[in-house]
Amino acid sequence: MKDDNVEWISIEEKMVKKLLDEKQKEYGSFDNNSYIISNYIQSELEVVNGFKIKVPTDIVPRLMIVLKLTRTIDDGSGKDLYKLDTHKDIAGYNNLLKDMLLRKRDN
């Protein structure tokens with residue numbers, strides 16, 4: 001007996017992978033960009049706080065997920081909170097985070 005949910009997850013994963021491939025062609029390597037962003041955050045916080053800290057690169061997809069989630073918060077304006085693009089972005093950043101965590105675990 002075939003599990004339709006498993007088939008849907010596989011199709012959705014392929015769609016997210018395609019989206020990520022397109023985004024990386026347009027914006028560059030997410031790993032490289034995460035390295036730059038996390039180092040920028042680290043530098044800012046070190047200057048502000050006056051001591052050394054460590055900011056992991058996997059904070060970047062987490063922050064992007066939070067940013068995208070803010071688009072789903074009802075501010076009382078009555079605007080439509082559902083936007084497919086927002087959920088595609090969240091899924092994409094979650095996949096990137098998953099890949100980073102798996103690589104970290106395997107190293």
Side-chain angles (χ1 to χ4, degrees):
M1 179 179 201
K2 190 162 77 170
D3 185 347
D4 289 337
N5 193 34
V6 170
E7 184 177 322
W8 168 249
I9 290 170
S10 176
I11 292 169
E12 185 174 10
E13 286 281 330
K14 288 176 186 173
M15 291 170 57
V16 169
K17 172 93 172 92
K18 183 179 179 204
L19 172 73
L20 291 174
D21 289 344
E22 291 169 7
K23 295 285 187 181
Q24 291 206 40
K25 284 177 189 169
E26 186 173 351
Y27 299 113
S29 162
F30 186 77
D31 286 339
N32 291 348
N33 292 337
S34 293
Y35 178 80
I36 292 166
I37 293 167
S38 65
N39 278 288
Y40 173 79
I41 292 169
Q42 181 174 319
S43 297
E44 272 287 323
L45 293 175
E46 287 177 351
V47 168
V48 168
N49 292 301
F51 56 87
K52 296 280 184 191
I53 62 166
K54 174 73 175 131
V55 175
T57 56
D58 55 23
I59 196 171
V60 176
R62 287 187 187 100
L63 291 172
M64 293 306 296
I65 290 168
V66 170
L67 174 68
K68 301 298 179 172
L69 283 173
T70 63
R71 297 178 180 177
T72 66
I73 296 172
D74 186 358
D75 63 0
S77 67
K79 66 183 174 190
D80 183 7
L81 296 176
Y82 175 77
K83 296 200 174 30
L84 179 59
D85 186 61
T86 296
H87 295 279
K88 285 181 179 180
D89 287 348
I90 291 168
Y93 285 116
N94 187 57
N95 272 25
L96 292 165
L97 175 60
K98 177 181 70 174
D99 290 345
M100 291 173 115
L101 295 174
L102 288 172
R103 280 196 311 268
K104 186 185 284 190
R105 182 185 72 186
D106 293 342
N107 288 335

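- Summarising the geometry, atom CG belonging to L81 is positioned 7.0 Å from atom OG1 belonging to T72; distances are rounded to the nearest 0.5 Å.
- Between atom NZ of residue K23 and atom CG of residue N33 there is a gap of 13.0 Å, rounded to the nearest 0.5 Å.
- Minimum heavy-atom separation, S38 to V60: N-CG2, 4.1 Å.
- The only option from K25, K18, K17, Q24 that meets the side-chain hydrogen bond (donor to acceptor under 3.5 Å, both in side chains) definition with D21 turns out to be K17.
- Within the 4.5 Å cutoff, side-chain heavy atoms of M100 are placed close to those of S34.
- Residue F30 holds its CZ atom at 11.0 Å from CG of N95, rounded to the nearest 0.5 Å.
- At least one donor-acceptor pair under 3.5 Å links the side chain of D75 to the backbone N or O of S77.
- A distance of 12.5 Å separates CG of L45 from NZ of K52, quoted to the nearest 0.5 Å.
- Criterion: ILVMFWY side-chain heavy atoms under 4.5 Å apart, direct or through other members. Under it, V48 and I53 are not part of a common hydrophobic cluster.
- Transitive grouping of hydrophobic side chains (ILVMFWY, heavy atoms separated by less than 4.5 Å) keeps L19 and M64 in distinct clusters.
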Tabulate below the donor-acceptor pairs under 3.5 Å that side-chain atoms of residues 83-90 make, not counting sequence neighbours, or state none.
unit_1: K83; atom_1: NZ; unit_2: D80; atom_2: O; d: 3.1
unit_1: D89; atom_1: OD2; unit_2: K68; atom_2: NZ; d: 3.0

query: Should D58 and R62 be marked as a salt bridge (Lys or Arg N to Asp or Glu O under 4.0 Å) after you check the CA-CA gap, both sets of side-chain angles, and the distance that decides it?
result: CA-CA 7 Å; D58 55 23; R62 287 187 187 100; 3.0 Å; yes
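- Tracing side-chain contacts under 4.5 Å through hydrophobic residues (I, L, V, M, F, W, Y), one never reaches L97 starting from I36; they form parts of separate clusters.
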query: Yes or no on side chain to side chain contact (heavy atoms under 4.5 Å, CB included) for L20 and L96, after CA distance, side-chain angles and deciding distance?
result: CA-CA 8 Å; L20 291 174; L96 292 165; 3.8 Å; yes
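- Side-chain contact between L63 and I41: present, with at least one pair of heavy atoms (C-beta onward) separated by less than 4.5 Å.
- The two residues P61 and T57 make their nearest non-hydrogen contact at CD-O, 3.6 Å.
- No donor-acceptor pair under 3.5 Å is formed between the side chain of R71 and the backbone N or O of L67.
- Between atom CD1 of residue I65 and atom OG1 of residue T70 there is a gap of 12.5 Å, rounded to the nearest 0.5 Å.
- No side-chain donor-acceptor contact under 3.5 Å links S29 and D31.
- Under the 4.5 Å side-chain heavy-atom criterion for ILVMFWY residues, a single connected hydrophobic cluster contains both V55 and F51.
- Annotation for Y82: atom OH counts as buried by contact number, over 12 foreign heavy atoms lying within 6.0 Å.
- Counting side-chain heavy-atom gaps under 4.5 Å among Ile, Leu, Val, Met, Phe, Trp and Tyr, Y35 is found in no cluster with other residues.
- Distance check, rounded to the nearest 0.5 Å: NZ of K98 to CZ of R103 gives 12.0 Å.
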